[in-house]
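When a ligand or atom number is given, it counts from 1 through the structure's own listing order.
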Amino acid sequence: MIPIGQAEFITTAVKPSGYPPPGPPEVAFAGRSNVGKSSLINTLTRRKKLVRVSGTPGRTQHINFFSINQDAIRLVDLPGYGYAKVPKAIRAAWRPMVEAYLSGRDTLAAVVVILDIRREPTGEDLMLLDWLRSLQITVLAAVTKADKLSNNQQASRLAKLRPTLAPFDPTPTLFSASTGQGREELWARVCEAAGV
Ligand SMILES: Nc1nc2c(ncn2[C@@H]2O[C@H](COP(=O)(O)OP(=O)(O)OP(=O)(O)O)[C@@H](O)[C@H]2O)c(=O)[nH]1
Ligand SMILES: [Mg+2]
């Protein structure tokens, strides 16, 4: 596991020609719009504003690449899915954009799939998980916004989610971008998956 030192934005892309040249292992972050992907990356990297966070669902519409520790590892923020109020054209662009990245990026080491502790996984969440499995991509499940529940409630929600998540990740990480809960654990898992 590497300690996080420097972290910087590399570029934003919609298609493979816009990706940075492949380099170190990449770990991508995926989940519903507004689930807290960008916040989770900020907390993981101990940066307040590395990634833009917004109260408006569907804010991250492109693929954003970040470089950690002089490019020892890269983190990739994927656009969110599943928010009905996002314009149709943007929703239609999601699948080809994300599919091209997931199926074509040779340096992709793992995808962190982020779920809200208060919600049941949606059909789209499960489709993503199945899709990653069929592509043989390592899944790390992160159950975020844990701070919204008491410790007892967190434990019972996790127990409920475990059977659903077990085929994809038997050891999901409880996380909170607000309190930093799960930060060390998730970072260790990300580094392990990336082999750094
Ligand atoms: N209480 C709490 N709020 C959170 C947490 N993570 C994110 N939020 C809030 O949830 C909202 C959405 O967070 P983002 O990080 O922008 O979510 P996102 O998944 O990147 O959203 P899109 O880019 O729109 O798909 C913001 O208002 C955050 O402040 C968390 O762990 N706890
Ligand atoms: Mg975002």
Side-chain angles (χ1 to χ4, degrees), residues 7-14 18 26-66 68 74-99 101-102 110-129 131-132 139-155 157-158 161 165 172-187 189-190:
E8 68 182 22
F9 172 71
I10 308 175
T11 193
T12 186
V14 292
E26 291 177 355
V27 174
F29 296 78
R32 277 176 66 81
S33 274
N34 217 39
V35 72
K37 297 175 295 299
S38 300
S39 304
L40 181 143
I41 295 174
N42 283 335
T43 296
L44 211 51
T45 55
R46 298 189 195 278
R47 295 296 188 281
K48 285 208 170 72
K49 289 188 203 155
L50 181 66
V51 192
R52 197 189 308 154
V53 169
S54 164
T56 315
R59 179 58 67 198
T60 309
Q61 292 175 351
H62 298 158
I63 302 176
N64 293 304
F65 294 82
F66 301 89
I68 307 299
R74 289 180 190 164
L75 305 183
V76 181
D77 192 13
L78 297 173
Y81 49 83
Y83 190 68
K85 284 188 187 154
V86 170
K88 215 174 175 183
I90 291 172
R91 271 187 287 155
W94 183 87
R95 193 180 164 103
M97 186 175 11
V98 173
E99 188 161 35
Y101 176 78
L102 293 178
V111 175
V112 178
V113 175
I114 302 162
L115 301 159
D116 186 320
I117 192 163
R118 300 163 301 172
R119 294 169 189 264
E120 282 309 302
T122 64
E124 282 166 311
D125 292 327
L126 296 171
M127 245 162 53
L128 173 67
L129 288 164
W131 192 20
L132 291 168
V139 168
L140 304 175
V143 180
T144 195
K145 303 195 183 180
D147 59 281
K148 299 270 192 186
L149 301 181
S150 70
N151 285 348
N152 279 344
Q153 289 171 319
Q154 288 178 25
R157 279 296 298 156
L158 192 61
L161 287 167
L165 296 178
T173 300
L174 272 183
F175 194 90
S176 165
S178 300
T179 66
Q181 177 182 351
R183 200 204 79 87
E184 292 291 321
E185 177 186 322
L186 187 60
W187 183 243
R189 298 185 73 209
V190 163

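Taking the ring pair (Phe, Tyr, Trp, His ring centres under 6.0 Å) definition, one finds that W94 meets it with Y81, sequence neighbours left out.
Here is the list of ligand 1 atoms found below 4.0 Å of a heavy atom in S178: 1 (N), 2 (C), 30 (C), 31 (O), 32 (N). Heavy-atom proximity to D147, at under 4.0 Å, picks out these atoms of ligand 1: 1 (N), 2 (C), 30 (C), 31 (O), 32 (N). Against a heavy-atom cut-off of under 4.0 Å, T144 is close to the following atoms of ligand 1: 31 (O).
Using a 4.0 Å cutoff on heavy atoms, S176 counts as a contact of ligand 1.
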Show your reasoning for whether side-chain hydrogen bond (donor to acceptor under 3.5 Å, both in side chains) applies to T122 and D125. CA-CA 5 Å; T122 64; D125 292 327; 3.2 Å; yes
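Not one N or O of A146 is nearer than 3.5 Å to an N or O of ligand 1, by distance alone. Ligand 1 has an N or O atom lying under 3.5 Å from an N or O atom of A177, backbone or side chain. Between L40 and ligand 1, a contact under 3.5 Å exists for no N or O pair.
Exactly one of D147, V143, L149 qualifies for a side-chain contact (heavy atoms from CB on, under 4.5 Å) with Q154. That residue is L149. For the side chain to side chain donor-acceptor pair (under 3.5 Å) criterion with T173, the lone passing option out of R189, E184, Q181 is R189. Under the side-chain contact (heavy atoms from CB on, under 4.5 Å) test applied with L140, the options V113, V190, I114, V111 reduce to a single match, V190.
When all heavy atoms of M97 and H62 are compared, the pair lying nearest together is SD-CA, 4.1 Å.
Using a cut-off of 2.8 Å, one finds that S38 contributes an N/O/S atom close to the Mg ion (ligand 2).
The residue from R32, R52, K145, K37 that puts a heavy atom closest to atom 4 (C) of ligand 1 is K145. Nearest to atom 13 (O) of ligand 1 by heavy-atom distance, out of S39, G82, S33, is S39.
Remark: R46 is not positioned above the aromatic ring of W187, lacking an NZ or CZ atom under 6.0 angstrom from the ring centre and at most 45 degrees off the axis.
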